Amino acid sequence: MEWIQTPCQLLSLDRLTLTLANTAVRARLSLDMSTGSVARCFTHALRTASDWAAPVASSSRLLSPARAMPTRAFAGGQRILGHACACCRGQKRAYSSYPTERPGAGAFAPRRKRTIMDFNSLKKKKVPVTMLTAHDYPSARFIESIAPPAPAPGAVPAPAGSSSSAAPRGIDIALVGDSLAMVACGYPSTNYLTLDEMLYHCRSVARGCTTSFLVADLPFGSFSASIEDGVRAAVRLIQEGHMDAVKIEGGPEIVPLIRRLTEVGIPVMAHVGLTPQRQAALSGYRVQGKTVSSAVKVWEDACAVQDAGAFAVVLEAVPSKLAAWVTERLRIPTIGIGAGAGCDGQVLVQLDMLGVDSDLGAGGKGPRFLKKYADVGERAREAVRSYVDEVRRREFPTEGEHTYPIEDKAWEGFLEAVKETEREA
Ligand code: KIV
């Protein structure tokens with residue numbers, strides 16, 4: 001059996017209740033978990049429970065954490081070798097088949113990895129799914145750094161169904177989109193990006209972004225020749241790129257590949273509407289679904305990929321009315337880009353929404369659907385200009401602020417030592 005070290009994560013009350021047989025102990029744990037006063041991790045909870053339960057221990061099946069853990073906790077597919085939660089501090093916890101906490105642990109959840117179940121439940125609750133591209137380590141860190149922090153030790157969890165569901169959750173899905181070909185590599189289209197280049201970017205993103213669900217595009221050509229090619233490419237994105245899922249552009253023609261990947265356990269996000277890998281065949285980056293036949297195609301493509309097993313579908317550049325209509329009828333979440341607010345979630349290209357690139361087409365404005373939330377490009381240019389000016393004026397580096405001193409004694413010793421060899425250059 002292989003043990004995987006992961007950060008300590010919190011367990012929900014139902015796992016604990018499943019674990020504990022004694023009703024009195026369960027009641028006490030229930031109290032502790034709901035007030036957040038004592039038991040905040042499994043090991044700690046068991047200790048607390050068994051301390052409290054000492055008088056009834058002889059009649060309880062839970063005699064001590066030491067006895068309870070290897071039997072009952074292990075039976076749940078999980079074994080605790082130590083832990084690092086705020087209440088117990090220090091050690092790490094190891095898992096076998098439960099690498100992440102299950103969804104829905106409420107306000108006590110630390111920065112927990114997002115899962116497909118989360119996206120389905122967000123769709124049900126009509127809470128928008130947030131998705132943003134990340135193309136390298138810094139852009140992944142931007143995403144990770146706005147993830148909600150773990151609650152302070154002792155914090156009281158919000159009751160289920162309270163406004164906490166509307167609280168900021170950060171970015172649910174980080175997409176290593178093949179848009180990186182154009183915005184990060186300077187290629188004229190996404191079709192120039194190879195699988196090996198994609199893998200390099202995926203690994204950088206995976207190092208920086210640990211709690212968003214990670215999805216990467218299968219690059220153009222990596223899945224076109226055969227299903228086997230597609231499976232091999234997808235496996236590489238998971239195994240070598242450290243992604244959680246793959247995204248594939250297309251409709252009925254990718255159905256067999258989606259089926260196969262779903263069978264082998266690789267989650268697929270589909271992408272219909274404007275599919276940039278086919279921009280040449282589509283005569284450019286054009287809005288799709290504006291005519292009857294094109295709108296029907298968007299609907300049929302979305303149904304086909306859903307029925308094949310895709311867990312979500314990107315709708316790109318389709319009329320908002322059509323996107324909302326499709327969203328209402330699909331079981332899986334739709335993620336819109338240029339498809340209006342009626343989708344279950346939204347995605348943008350991070351470099352574009354940050355306003356990094358001045359060369360976006362349409363006179364620098366980029367596509368109509370793009371909203372720039374910052375002008376990072378202009379700020380960067382100002383900074384580079386200032387640097388150049390200050391270097392030329394010898395204002396940078398500033399003595400004492402950006403420089404390292406040497407003690408007078410050492411300096412005099414140095415001059416003495418090089419007296420013989422000192423000469424004009
Ligand atoms: O490549 C990409 O970044 C994408 C998104 C724009 C959806 O496919």
Side-chain angles (χ1 to χ4, degrees), residues 119 128-136 139-140 142-143 171-195 197-202 204-205 209 212-223 233-234 237 241 243 245-251 254 268-279 282 284-288 298 301-302 305 310-318 323 326-327 332-340 343-354 356-357 360-361 366-373:
F119 314 138
V129 177
T130 53
M131 174 159 135
L132 189 64
T133 67
H135 293 154
D136 52 17
S139 55
F142 286 145
I143 288 179
I171 296 291
D172 297 312
I173 305 175
L175 171 68
V176 191
D178 60 359
S179 55
L180 76 86
M182 298 167 82
V183 297
C185 304
Y187 287 134
S189 91
T190 58
N191 296 2
Y192 284 56
L193 192 78
T194 65
L195 180 59
E197 287 171 320
M198 186 55 144
L199 285 165
Y200 171 84
H201 285 269
C202 286
S204 307
V205 169
C209 198
S212 304
F213 191 74
L214 300 176
V215 180
D217 266 316
L218 271 184
F220 172 77
S222 64
F223 59 96
L237 286 177
M243 296 289 105
V246 299
K247 177 161 85 59
I248 313 176
E249 293 183 12
I254 58 164
V268 177
M269 175 180 278
H271 183 151
V272 306
L274 170 58
T275 45
Q277 292 179 3
R278 285 156 202 257
Q279 45 86 19
L282 296 171
Y285 299 93
R286 307 169 81 87
V287 178
Q288 303 294 302
V298 169
D301 285 358
V305 294
F311 75 88
V313 58
V314 168
L315 301 179
E316 177 161 357
V318 299
V326 170
T327 299
I332 58 174
T334 60
I335 312 288
I337 175 161
C343 294
D344 294 310
Q346 298 295 324
V347 58
L348 281 179
V349 174
Q350 188 177 150
L351 284 173
D352 292 349
M353 56 84 79
L354 289 178
V356 170
D357 192 1
L360 285 167
R368 179 191 183 121
F369 61 71
L370 173 63
K371 177 169 176 183
K372 286 193 195 173
Y373 286 82

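Model, not experiment: these values are computed from the prediction. Positions are given from 1, in the same order as the sequence printed here. Each ligand, and each atom within it, is numbered from 1 in the order the structure gives.
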*Asks:* To the nearest 0.5 Å, what is the distance between CG (D172) and CD (Q346)?
*Replies:* 12.5 Å
*Asks:* Please identify which of these residues, V205, I143, I173, meets the side chain to side chain contact (heavy atoms under 4.5 Å, CB included) condition with S212.
*Replies:* I143
*Asks:* Starting at CG of L237, measure out to CG of L214 and round the result to the nearest 0.5 Å.
*Replies:* 11.5 Å
*Asks:* Which protein N or O atoms sit under 3.5 Å from any N or O of ligand 1? Give each pair with its distance.
*Replies:*
from, atom 1, to, atom 2, distance (Å)
ligand 1, 1 (O), D178, N, 3.1
ligand 1, 1 (O), D178, OD1, 3.1
ligand 1, 1 (O), S179, N, 2.9
ligand 1, 1 (O), S179, OG, 3.4
ligand 1, 1 (O), D217, OD2, 3.2
ligand 1, 3 (O), S179, OG, 2.6
ligand 1, 8 (O), K247, NZ, 2.8

*Asks:* Please check if atom OH in Y200 has more than 12 non-hydrogen atoms from other residues, nucleotides or ligands closer than 6.0 Å.
*Replies:* no
*Asks:* By the definition side chain to side chain donor-acceptor pair (under 3.5 Å), identify the one residue from N191, D178, D217 that meets it with Q277.
*Replies:* D178
*Asks:* Does the side chain of H135 pick up a donor-acceptor pair with the side chain of Q350 at under 3.5 Å?
*Replies:* no
